[in-house]
Amino acid sequence: MFFITGMSTFTWVLLAYVGLHLGQDYVSAFKDLSLDSIILTHHISPERDFILRVRELFLIIGSFALFIEISKAATSSKFGPTETLLSFIVSIVFVVMFFMVSWAQNATFLILAMMSLIDATGGFIIELKAAKRDISIG
């Protein structure tokens, strides 16, 4: 159960992103898949098409992950410092990979890293507010 509720959702987003890029060399199903690969094309009108690429899918999943993490921090009574620490570690991994790994140096990865940092900071702020509320002096 720890892998679902205890780990940061952005851990799974990061693993999926790394798996996409490293899997191209080792998994035959990922051989032709890249950030620019088209997942869905919907014909809206004669002049317009709705095109969903892998990069947009990662941003959609990252938005849902941010929502899940903030709501988990705000509502869960079991949310604690270990989850916040894990979120900060994942954020640091995102930032380090953005500067060190060539295939991670793009806008999609930067936005995911910023979402992860917002998650970690938001969890920390919510945790501090809860601690302040629990301690009553006077």
Side-chain angles (χ1 to χ4, degrees):
M1 194 68 182
F2 173 77
F3 289 110
I4 297 171
T5 59
M7 290 184 69
S8 172
T9 312
F10 280 98
T11 306
W12 302 113
V13 174
L14 179 64
L15 289 175
Y17 197 92
V18 170
L20 172 73
H21 288 283
L22 296 182
Q24 291 175 350
D25 297 332
Y26 302 110
V27 181
S28 61
F30 292 161
K31 198 130 195 96
D32 296 328
L33 196 62
S34 71
L35 287 177
D36 292 322
S37 298
I38 296 174
I39 295 175
L40 174 73
T41 302
H42 182 69
H43 193 66
I44 296 175
S45 69
E47 316 70 54
R48 295 187 317 168
D49 288 333
F50 173 76
I51 299 171
L52 183 67
R53 292 181 179 82
V54 173
R55 72 176 63 243
E56 286 95 11
L57 184 65
F58 268 107
L59 294 177
I60 292 168
I61 291 170
S63 298
F64 280 123
L66 182 60
F67 171 74
I68 289 169
E69 286 298 310
I70 295 298
S71 64
K72 190 168 63 170
T75 60
S76 177
S77 61
K78 296 178 183 176
F79 189 82
T82 55
E83 286 84 4
T84 304
L85 181 64
L86 250 161
S87 294
F88 270 110
I89 290 171
V90 171
S91 295
I92 290 169
V93 170
F94 264 108
V95 171
V96 167
M97 282 185 66
F98 179 74
F99 287 112
M100 302 294 287
V101 180
S102 63
W103 49 259
Q105 295 171 349
N106 57 53
T108 302
F109 197 80
L110 177 64
I111 293 170
L112 289 172
M114 289 173 50
M115 286 179 182
S116 177
L117 189 61
I118 290 169
D119 162 43
T121 308
F124 183 69
I125 291 170
I126 289 170
E127 190 177 328
L128 282 178
K129 289 287 186 183
K132 184 179 177 184
R133 189 177 40 230
D134 290 342
I135 297 174
S136 59
I137 299 173

Can you name the closest pair of heavy atoms from [X] and [Y] and give their distance?
X      : Y     : result
Ser45  : Asp49 : O-OD1, 4.5 Å
Ser87  : Glu69 : OG-OE1, 4.2 Å
Gly122 : Ile70 : CA-CD1, 4.2 Å

Pair up each side-chain donor or acceptor in residues 98-118 with any protein partner under 3.5 Å, not counting sequence neighbours, and list the distances.
from   : atom 1 : to     : atom 2 : distance (Å)
Gln105 : NE2    : Phe98  : O      : 3.4
Gln105 : NE2    : Phe99  : O      : 3.2
Asn106 : OD1    : Tyr17  : OH     : 3.3
Asn106 : OD1    : Thr108 : N      : 3.2
Asn106 : OD1    : Phe109 : N      : 2.8
Asn106 : ND2    : Tyr17  : OH     : 2.9
Asn106 : ND2    : Trp103 : O      : 3.2
Thr108 : OG1    : Arg55  : NH1    : 3.4
Ser116 : OG     : Ser91  : OG     : 2.9

From [X] atom [atom1] to [Y] atom [atom2], the distance as rounded to the nearest 0.5 Å:
X      : Y     : atom1 : atom2 : answer
Asp119 : Thr84 : CG    : OG1   : 8.5 Å
Leu14  : Met97 : CG    : CE    : 5.5 Å
Leu57  : Ile39 : CG    : CD1   : 4.0 Å

With hydrophobic residues grouped by side-chain heavy-atom distances under 4.5 Å, do [X] and [Y] end up in a single group?
X     : Y     : value
Leu22 : Phe10 : yes
Leu40 : Ile60 : yes
Phe64 : Leu52 : yes

Taking Glu56 for its side chain and Arg53 for its backbone only, find out whether a donor-acceptor pair lies under 3.5 Å.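 Checking the backbone N and O of Arg53 against the side chain of Glu56, a donor-acceptor pair under 3.5 Å is found.
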Give a yes or no on this: more than 12 heavy atoms of other residues, nucleotides or ligands lie within 6.0 Å of atom NE2 of His43.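 Atom NE2 in His43 is packed in, count exceeds 12.
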Applying side-chain contact (heavy atoms from CB on, under 4.5 Å) to Leu20 and Leu35, what does each step give before you reach the verdict? CA-CA 9 Å; Leu20 172 73; Leu35 287 177; 3.9 Å; yes
